[in-house]
**Student:** 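Pasting a structure here, questions to come.
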Amino acid sequence: GKGGYPFYMLKEINEQPAVMRKLVQHYFNGDQPQVDEKLLADLKNADHIYIVGAGTSYHAGLVGARLFEKMAKIPTTAHISSEFAYEHPLLSKKPFFIFLTQSGETADSREVLVHVNEQHWPSLTITNVDKSTLSREATYTMLLDAGPEIAVASTKGYTAQIAVEAILAKALGEYLNYDEAKNFDLKNQLGSIANGMQSIIDSKDDFQALASHYLSQPRNAFYIGRGIDWSVSLEAALKLKEISYVQAEGFASGELKHGTIALIEKGTPVIAIITQDRTAGLTRSNLEETQARGSNALTIVARHLAKEDDTVVIPDCDPLLTPLLSVIPAQLLAYYTSLGKGLDVDKPRNLAKSVTVQ
Ligand code: M6R
């Protein structure tokens, strides 16, 4: 059941700290991540990692690509499964495929796996459902331990996928003997991130107020960011679109002035995600450019970069793991916007939980 929550989505948002702790228990022995050695050997042999997923899982793959490149120094790219199945880039000589699929049943992703198996390329499915189709058909499986996700809008699936990608990236980097991976204090990070998630969730009333003030009326909205914050912007916008029917775009903030800023009108909500030292100032100026055209500017900012009038301040963590925290306010904003409009949060129109047609 919903455990006293009005909707599964809110229950599942609330479960995220516990999922982080469960993943630590499952995958760590002391401070060392425990991952199948054969999987690590196959990954070590790869000259390129292709991450394949749809929707939220694709967005988690964008974050994962950064983790693999930083920790294991293997070129890694994330791909939309429905595109990759029919129009893929020229592949490297020794590819390794990672399928991200919460349900393990997404037809677009399976279509890619069928081709991968025909070529006898090694693959891993990261999924929430043991023995699901993509789990059975891939060479390896890693489980998300997130418990059933019922709401159509994925929340704990996204954060669990990123955490498992981080665990694998660290394990692989250590296997390859890289200092970046050895010094990546992932176990402690995941523990404090669980607490950080909880503190954001505890202030959910603030998000209800923000949602009703800024997002209940407008037809469109923007999430903007750079780098990893852009990746989260895509996920944040998808959440808002799918359950509250606000036409939202996740945008690379530097691209706005190359065309899209023409859409900014008086009252258009623009929410900037700012967690990275190198790009914080740039994203802030892009946000100011929209304000000069009348936008309602909101910010989701990592504590060490926060200024007095920032809207939402989130706890600090390792710069590669910020999506685990910065996505939580976006999930809550989408939830309360949908709730405030009286919509069926868990079962938005036109959508199914698992998409088993191409
Ligand atoms: O089960 P999967 O992870 O393969 O599902 C992929 C997408 O269909 C899914 O993430 C979808 O985008 C969600 N509704 C997003 O909230």
Side-chain angles (χ1 to χ4, degrees), residues 12-44 49 51 60-74 76 98 100 102 124-128 130 140-147 155-202 228 231-232 275-277 302-304 314-328:
E12 291 161 4
I13 289 172
N14 271 273
E15 284 168 348
Q16 292 175 107
V19 174
M20 293 298 114
R21 294 188 187 105
K22 197 159 169 217
L23 286 170
V24 168
Q25 270 184 3
H26 178 156
Y27 283 108
F28 280 87
N29 186 358
D31 287 335
Q32 294 313 116
Q34 299 298 303
V35 173
D36 184 347
E37 283 249 353
K38 288 211 291 261
L39 164 59
L40 296 178
D42 271 352
L43 275 163
K44 178 182 178 183
I49 300 172
I51 303 180
L62 293 171
V63 176
R66 287 195 162 74
L67 283 158
F68 288 110
E69 292 200 335
K70 277 270 160 34
M71 295 297 139
K73 304 185 203 255
I74 299 176
T76 306
I98 298 180
L100 289 180
Q102 189 277 131
L124 161 71
T125 291
I126 298 178
T127 181
N128 204 20
D130 196 13
Y140 304 98
T141 294
M142 286 177 79
L143 292 175
L144 295 176
D145 289 332
T155 52
K156 61 182 182 174
Y158 175 77
T159 45
Q161 281 173 334
I162 292 172
V164 170
E165 289 176 304
I167 289 164
L168 179 58
K170 176 172 166 70
L172 181 59
E174 287 186 348
Y175 188 74
L176 294 166
N177 225 359
Y178 290 129
D179 286 339
E180 287 81 354
K182 289 182 200 157
N183 299 334
F184 187 32
D185 190 16
L186 183 57
K187 185 185 177 188
N188 281 323
Q189 280 289 318
L190 290 175
S192 58
I193 282 169
N195 297 336
M197 286 172 158
Q198 191 61 57
S199 70
I200 301 169
I201 293 166
D202 287 344
I228 209 168
S231 301
V232 179
T275 68
Q276 305 293 313
D277 296 358
R303 178 156 297 133
H304 74 287
I314 59 173
D316 284 323
C317 67
D318 187 288
L320 283 171
L321 297 172
T322 56
L324 295 173
L325 291 171
S326 60
V327 78
I328 311 285

**Student:** So do the side chains of C317 and L325 get within less than 4.5 Å of each other, counting heavy atoms only?
**Tutor:**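 C317 vs L325: side chains touch.
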
**Student:** Identify the two heavy atoms, one from K170 and one from P33, that lie closest to each other, and give their separation to 0.1 Å.
**Tutor:**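 Closest approach of K170 to P33, heavy atoms only: CE-CD, 3.8 Å.
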
**Student:** Kindly indicate whether the side chain of L176, heavy atoms from C-beta on, has any atom under 4.5 Å from the side chain of K44.
**Tutor:**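 Answer yes - side chains close enough.
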
**Student:** Roughly how far, to the nearest 0.5 Å, is CG of N195 from CG of D202?
**Tutor:**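 One gets 10.5 Å once the value is rounded to the nearest 0.5 Å.
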
**Student:** Let me confirm one number: the CG-OH distance from L39 to Y175, rounded to the nearest 0.5 Å.
**Tutor:**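 Going from CG on L39 over to OH on Y175, the span is 9.5 Å.
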
**Student:** Locate the shortest heavy-atom distance separating D316 from H304; write the atom from each residue and the value.
**Tutor:**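 Residues D316 and H304, closest heavy atoms: OD1-ND1, 2.7 Å.
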
**Student:** Starting from the C-alpha separation in whole Å, work towards a yes-or-no answer on side-chain contact (heavy atoms from CB on, under 4.5 Å) for L144 and T127.
**Tutor:** CA-CA 6 Å; L144 295 176; T127 181; 5.6 Å; no

**Student:** Determine the minimum heavy-atom distance between P319 and I228, stating which atoms define it.
**Tutor:**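 It is O-CD1, 4.0 Å.
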
**Student:** Show, in sequence, the C-alpha distance, side-chain angles and deciding distance for L43 and L168, and conclude whether the side-chain contact (heavy atoms from CB on, under 4.5 Å) test is met.
**Tutor:** CA-CA 10 Å; L43 275 163; L168 179 58; 3.9 Å; yes

**Student:** Rounded to the nearest 0.5 Å, what's the gap from OG1 on T159 to CD on E12? Could you check?
**Tutor:**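 Reported to 0.5 Å precision, the distance equals 10.5 Å.
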
**Student:** Any non-hydrogen side-chain atom of I74 less than 4.5 Å from a side-chain atom of L172?
**Tutor:**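 Sidechains of L172 and I74: in contact.
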
**Student:** Would a 4.5 Å heavy-atom cut-off, applied to side chains only, mark P323 and S231 as touching?
**Tutor:**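 Counting from C-beta outward, P323 and S231 never come under 4.5 Å.
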
**Student:** List the atom of A163, the atom of L23, and the distance in Å for their closest heavy-atom pair.
**Tutor:**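 The pair with the smallest heavy-atom distance is CB-CD1, 3.7 Å.
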
**Student:** If we ignore hydrogens and angles and just use 3.5 Å, is the side chain of N128 paired with the main-chain N or O of G147 as donor and acceptor?
**Tutor:**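 Side chain of N128 to backbone of G147, a donor-acceptor pair under 3.5 Å: yes, one is there.
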
**Student:** Might you work through the side-chain contact (heavy atoms from CB on, under 4.5 Å) test for D318 and D185, ending with a clear yes or no?
**Tutor:** CA-CA 9 Å; D318 187 288; D185 190 16; over 6 Å; no

**Student:** Any side-chain heavy atom of Y27 within less than 4.5 Å of one from L186?
**Tutor:**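 Heavy-atom side-chain distance check fails, nothing below 4.5 Å.
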
**Student:** Quick one: pull up CG in L190 and NZ in K22 and give me the separation to the nearest 0.5 Å.
**Tutor:**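 If we round to the nearest 0.5 Å, L190:CG and K22:NZ are 15.0 Å apart.
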
**Student:** State whether the number of non-hydrogen atoms from other residues, nucleotides or ligands found under 6.0 Å of K182 atom NZ is greater than 12.
**Tutor:**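 Check passes, neighbour count above 12.
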
**Student:** Answer yes or no: is there a donor N or O on one side and an acceptor on the other, between the side chain of Q16 and the main chain of I13, under 3.5 Å?
**Tutor:**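 A pair under 3.5 Å: yes.
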
**Student:** Do L321 and I193 have side-chain heavy atoms sitting under 4.5 Å apart?
**Tutor:**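 Counting from C-beta outward, L321 and I193 do come under 4.5 Å.
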
**Student:** If you compare all heavy atoms of A146 against all heavy atoms of K156, which two are closest, and at what distance to 0.1 Å?
**Tutor:**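 Closest approach of A146 to K156: O-NZ, 2.7 Å.
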
**Student:** Going from CE on M197 to CZ on R21, what distance comes out if it is rounded to the nearest 0.5 angstrom?
**Tutor:**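 Here the rounded value is 9.5 Å.
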
**Student:** Are Q276 and T322 close enough that a side-chain donor and a side-chain acceptor fall under 3.5 Å?
**Tutor:**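 Yes - a donor-acceptor pair under 3.5 Å links their side chains.
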
**Student:** With side chain to side chain donor-acceptor pair (under 3.5 Å) as the criterion, how do Y140 and D42 come out once you've worked through the C-alpha distance, each side chain's angles and the decisive distance to 0.1 Å?
**Tutor:** CA-CA 10 Å; Y140 304 98; D42 271 352; 2.7 Å; yes

**Student:** Taking atom CD of E165 and atom CE of M142, what is their separation to the nearest 0.5 Å?
**Tutor:**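 Between atom CD of E165 and atom CE of M142 there are 10.0 Å.
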
**Student:** Carefully, step by step, assess L100 and Y158 under the rule side-chain contact (heavy atoms from CB on, under 4.5 Å).
**Tutor:** CA-CA 10 Å; L100 289 180; Y158 175 77; over 6 Å; no

